[in-house]
Amino acid sequence: MRLILMGPPGAGKGTQAKFVAEHFGVPAISTGDIFRANVSQGTELGIEAKRYMDAGEYVPDEVTNRMVRNRIDEEDAKPGFLLDGYPRTLAQVEELDGMISFTGHSLDAVVCLTVDPDEIVQRLLQRAQVEGRADDTEDVIRRRQEIYVEQTEPLIEVYRERGILVEVDGMGEVDDVTARIYAALDDVAQS
Ligand code: ADP
């Protein structure tokens, strides 16, 4: 199973990614988590990524693409993977297509979580208090949302045209959203 989980910042991708990946027995690969791990370990990649992340900007495609390529080359990702937070730009879509077709496989589905924008700001501000993420301040949240609309939202149409987009209502209880994702992916598996 090769899946992408998409949605605006705060849509609950990270939370759902862990459940869905476990359900399908594939690793959840979160670019945000990998960047944050590198930042906290003070690696060269982390130092470079941090200045973009703190401003709510995307890390440059070359850096992100290289990182994802290395990660999906690892043994545990051979049977499949769930990507959380990648691709986020059209250039990343192309790069990912190349990585997957090189292995003779294809993407099974792109799950897009839809949420109410007002709800999102509340969730992110609450997460700021709980997790203390450096990019969860109100200004940076707003910037991340703008960038999402400019650079990532267009990807939804790309995947819709390919016929692999699955839109799932991301509002409500975590368990309910997870159940909706499974139901939507069962439909895909049967079609
Ligand atoms: P969010 O909560 O906004 O979904 P993530 O945890 O996925 O955030 O990512 C945090 C930050 O890491 C992003 O704002 C961005 O700076 C960087 N990042 C993550 N994935 C990518 C990507 N695919 N391309 C560029 N930058 C990325």
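By convention here, the first residue in the shown sequence is residue 1. All ligand and atom numbering here is 1-based and tracks the order in the structure.
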Which atoms of ligand 1 have any heavy atom of [X] under 4.0 Å away?
X	result
Val59	17 (C), 25 (C), 26 (N)
Lys13	4 (O)
Thr64	22 (C), 23 (N), 24 (N), 25 (C)

Pro8 to Lys13 - nearest heavy-atom pair and separation: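 Of all heavy-atom pairs spanning Pro8 and Lys13, the closest is O-NZ, 3.5 Å.
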Among all protein non-hydrogen atoms, which one is nearest to [atom], and what is the separation to 0.1 Å?
atom	answer
atom 3 (O) of ligand 1	Arg144 NH2, 3.0 Å
atom 24 (N) of ligand 1	Gln92 NE2, 2.9 Å
atom 15 (C) of ligand 1	Glu57 O, 3.6 Å
atom 19 (C) of ligand 1	Arg88 NH1, 3.1 Å
atom 27 (C) of ligand 1	Phe35 CE1, 3.7 Å

Output yes when a protein non-hydrogen atom is found under 4.0 Å of atom 13 (C) of ligand 1, and no otherwise.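 When distances to the protein are checked, atom 13 (C) of ligand 1 has no heavy atom within 4.0 Å.
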Any nitrogen or oxygen of [X], side chain or backbone, less than 3.5 Å from one on ligand 1?
X	value
Gly85	yes
Asp84	no
Arg36	yes

How does Arg127 reach ligand 1, by side chain, by backbone, by both or by neither, if only non-hydrogen atoms under 4.0 Å count?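 The part of Arg127 near ligand 1 is the side chain, not the backbone.
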Please work out which of Gly12, Pro8, Gly32, Ala55 has its closest non-hydrogen atom nearest to atom 9 (O) of ligand 1.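 It is Gly32 that holds the nearest heavy atom.
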Taking distance alone, no hydrogens or angles, what donor-acceptor pairs closer than 3.5 Å link side-chain atoms of residues 166-176 to residues at least two apart or in another chain?
from, atom 1, to, atom 2, distance (Å)
Glu167, OE1, Arg160, NH1, 3.1
Asp169, OD1, Met171, N, 3.0

Parallel, tilted or perpendicular: rings of Tyr182 and His23 (30°, 60°):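 Ring orientation, 0 to 90° scale: parallel.
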How about Tyr58 and Thr64: does a side-chain donor come under 3.5 Å of a side-chain acceptor?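 No, no side-chain donor-acceptor pair sits under 3.5 Å.
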Under a 4.5 Å side-chain heavy-atom rule over Ile, Leu, Val, Met, Phe, Trp and Tyr, are Met99 and Met1 clustered together?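 No, separate clusters.
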Do the side chains of Glu138 and Arg142 get close enough for a salt bridge, i.e. N-O under 4.0 angstrom?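 Judged by the 4.0 Å cut-off on N to carboxylate O distance, Glu138 and Arg142 do form a salt bridge.
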Is the closest basic N to carboxylate O distance between Arg71 and Asp76 below 4.0 Å?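 Salt bridge flag = yes for Asp76 with Arg71.
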Show the numbers, then the answer: is there a side-chain contact (heavy atoms from CB on, under 4.5 Å) between Tyr86 and Ile29? CA-CA 9 Å; Tyr86 183 93; Ile29 301 178; over 6 Å; no
Taking Arg123 for the side chain and Ala11 for the main chain, is one N or O donor matched with an acceptor at less than 3.5 Å?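 Between the backbone of Ala11 and the side chain of Arg123 there is a qualifying donor-acceptor contact (under 3.5 Å).
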